[in-house]
Engineer: 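Handing you this structure, nothing more for now.
Keep in mind that the numbers below use all heavy atoms, side chains included, and drop hydrogens, waters and symmetry copies.
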Amino acid sequence: MPENTIPTMLNAVKLGAKTLELDVVISQDGKVVVSHDPYMSAAFMSKPDGSDITKDEEKSLALYQMSYDSISRYQSGIRLHPMYPAQLKIKTHKPLLSTLIDSVEAYVKANKLKPVYYNIETKCSPMGDGKYNPSPEVFVKTMMAVINQKGVKKRVIIQSFDVRTLKILNKTEPGLKLSLLASGKMNISEEELKKYGLSPKEVADFLKQMNQGKVGLEADLAKLGFVPDVYSPYYGGVDAEMVKKAHDKHMLIVPWTVNKEEDMIAIGKLGVDGIISDCPDVLIKLFGSYQMK
């Protein structure tokens, strides 16, 4: 189903997922929008008239430069994502975080289910400041206003690659669970990256960035400056030693993004505390429904 949309989240709850993983950005008019990309992706988004967005124009459609009224007119789900050929076609759009939470909470209540959790990634970066996102201070304040208003803070984890947002939250939101996302040693090929819709230059830049600097749990924590509740590395670099180190520091370890059944089984055997996946149906088939436990 289309990523980061209300139908998808409700389906995940129905399947038995405990935690909904989603991404948020900030619009020009200060709305918190659920979206993985900070722009309208040419890979799967469509213009209000249903026509395709070209690769050359996608990044000019930065959500931070658009009002939410404009954002909501762009369509998701009518074109299949190239990474997920079996995806169902459902016409939908990028929702507000507030609307998504309302929809999920209402579904849970109506169906007398156990409350679910939200793992929310801040799509914020130093390179995106002023173009794709506001300052980390404004980003965090805007996002937390919604979370606090909806009364779900105790069931929220904020995750990010951007240590700035996590550092701010560590000081301003005591009791809020925080998760450090890390790329680590990514064994991902050029062909796989191209399937995400990246141009040859974007692929080259991504691989160059992955090969720079120190990687690993200790280096990641040093960059953050404190021990978060959760460490969330790319699954390809996770081994038993990393799991032990995380647990020794009283952190949970939740790898991303594990979509193949054999990888889920292997990662599960290492003793991780959770798995982020685009395929909740496969994951729940292996490990069981949260609602049935």
Side-chain angles (χ1 to χ4, degrees), residues 1-15 17-50 53 58 61-81 84 87-111 113 115-124 132-134 138-153 155-160 165 257 276-278 280:
M1 299 181 79
E3 64 177 50
N4 277 289
T5 62
I6 290 173
T8 296
M9 298 301 168
L10 296 183
N11 184 60
V13 175
K14 182 180 179 181
L15 287 170
K18 178 180 180 178
T19 303
L20 305 176
E21 196 270 351
L22 54 137
D23 315 275
V24 295
V25 302
I26 309 299
S27 67
Q28 185 183 56
D29 50 345
K31 302 295 185 183
V32 185
V33 183
V34 181
S35 177
H36 179 272
D37 301 300
Y39 50 82
M40 293 294 178
S41 173
F44 60 93
M45 292 299 296
S46 301
K47 294 178 181 177
D49 63 4
I53 295 168
E58 66 173 3
L61 297 170
L63 306 189
Y64 184 52
Q65 308 300 328
M66 302 168 67
S67 69
Y68 180 66
D69 181 66
S70 296
I71 292 169
S72 66
R73 297 175 190 274
Y74 283 73
Q75 302 172 27
S76 174
I78 60 174
R79 294 171 56 209
L80 295 181
H81 195 295
Y84 310 104
Q87 186 181 81
L88 295 177
K89 283 190 176 184
I90 301 173
K91 184 179 178 181
T92 184
H93 62 277
K94 295 182 183 293
L96 292 173
L97 176 61
S98 58
T99 307
L100 187 147
I101 291 174
D102 285 344
S103 299
V104 170
E105 296 296 302
Y107 181 87
V108 166
K109 184 177 180 180
N111 290 277
L113 301 174
V116 296
Y117 294 74
Y118 302 89
N119 188 10
I120 303 172
E121 180 180 346
T122 60
K123 285 295 183 178
C124 187
Y132 292 125
N133 54 263
V138 171
F139 195 115
V140 163
K141 183 179 179 180
T142 306
M143 175 187 67
M144 289 308 302
V146 174
I147 291 170
N148 287 324
Q149 180 191 24
K150 295 303 174 184
V152 295
K153 180 178 173 180
R155 289 185 279 121
V156 165
I157 300 168
I158 301 299
Q159 62 175 355
S160 192
T165 55
T257 296
I276 295 173
S277 177
D278 296 322

Engineer: Going by heavy atoms in the side chains, are L113 and Y107 under 4.5 Å from each other?
Structural biologist: yes
Engineer: Just how far is it from atom CG of N119 to atom CD of E21, taken to the nearest 0.5 Å?
Structural biologist: 5.5 Å
Engineer: Which heavy atom in R79 sits nearest to a heavy atom in S46, and how many Å separate them?
Structural biologist: CD-OG, 3.2 Å
Engineer: Could you tell me whether the side chain of Y117 reaches within less than 4.5 Å of the side chain of K18, counting heavy atoms only?
Structural biologist: yes
Engineer: How far does CE of M9 sit from CG of L100, to the nearest 0.5 angstrom?
Structural biologist: 5.5 Å
Engineer: Step by step, would you call L97 with V33 a side-chain contact (heavy atoms from CB on, under 4.5 Å)?
Structural biologist: CA-CA 6 Å; L97 176 61; V33 183; over 6 Å; no
Engineer: Minimum heavy-atom separation for Y118 and V104, please, with both atom names.
Structural biologist: OH-CG1, 3.3 Å
Engineer: Only one of V25, I26, L63 clears side chain to side chain contact (heavy atoms under 4.5 Å, CB included) with K123; which?
Structural biologist: V25
Engineer: Using every non-hydrogen atom in the two residues, find where M45 and Q75 come nearest and quote the distance to one decimal.
Structural biologist: CE-O, 3.4 Å
Engineer: Would a distance-only check, ignoring hydrogens and angles, find a side-chain to backbone donor-acceptor pair under 3.5 Å from T122 to C124?
Structural biologist: no
Engineer: Quick test of your reading of the model: are E105 and R155 salt-bridged, counting only N-O distances below 4.0 Å?
Structural biologist: yes
Engineer: Would you check if S72 and H93 make a side-chain contact, meaning some heavy-atom pair closer than 4.5 Å?
Structural biologist: yes
Engineer: May I ask you to establish whether K94 and Y74 are in a cation-pi arrangement, using a distance under 6.0 Å from NZ or CZ to the six-membered ring centre and at most 45° from the ring axis?
Structural biologist: no
Engineer: Indicate whether the side chain of T92 and that of T5 have a donor and an acceptor atom separated by less than 3.5 Å.
Structural biologist: no
Engineer: Are there over 12 heavy-atom neighbours, none belonging to K14, within less than 6.0 Å of that residue's NZ?
Structural biologist: no
Engineer: Give a yes-or-no answer on whether the side chains of S35 and D37 include a donor-acceptor pair shorter than 3.5 Å.
Structural biologist: no
Engineer: Do the non-hydrogen side-chain atoms of Q28 and Y68 ever get within less than 4.5 Å of each other?
Structural biologist: no
Engineer: What distance separates Q159 CD from I157 CD1, expressed to the nearest 0.5 Å?
Structural biologist: 8.0 Å
Engineer: Hey, what do you get for CG (L20) to CD1 (I101), rounding to the nearest 0.5 Å?
Structural biologist: 10.0 Å
Engineer: Supply the atom-to-atom distance I6 CD1 to S103 OG, rounded to the nearest 0.5 angstrom.
Structural biologist: 3.5 Å
Engineer: Between P2 and G77, what is the shortest heavy-atom contact and its length?
Structural biologist: CG-CA, 3.5 Å
Engineer: Taking all heavy atoms of I53 and all of E58, pick out the closest pair and write down the distance.
Structural biologist: CG2-CA, 3.9 Å
Engineer: Between T165 and S160, what is the shortest heavy-atom contact and its length?
Structural biologist: OG1-OG, 3.3 Å
Engineer: How long is the straight-line distance from CE of M66 back to NZ of K31, given to the nearest 0.5 Å?
Structural biologist: 15.5 Å
Engineer: Within the structure provided, determine whether I120 and V34 are in side-chain contact (heavy-atom separation under 4.5 Å).
Structural biologist: no
Engineer: Enumerate, atom names and distances included, each donor-acceptor pair closer than 3.5 Å involving a side-chain atom of residues 138-150, sequence neighbours excluded.
Structural biologist:
residue	atom	partner	partner atom	Å
T142	OG1	V138	O	2.7
N148	ND2	M144	O	3.1
K150	NZ	D102	OD1	3.1
K150	NZ	D102	OD2	3.0

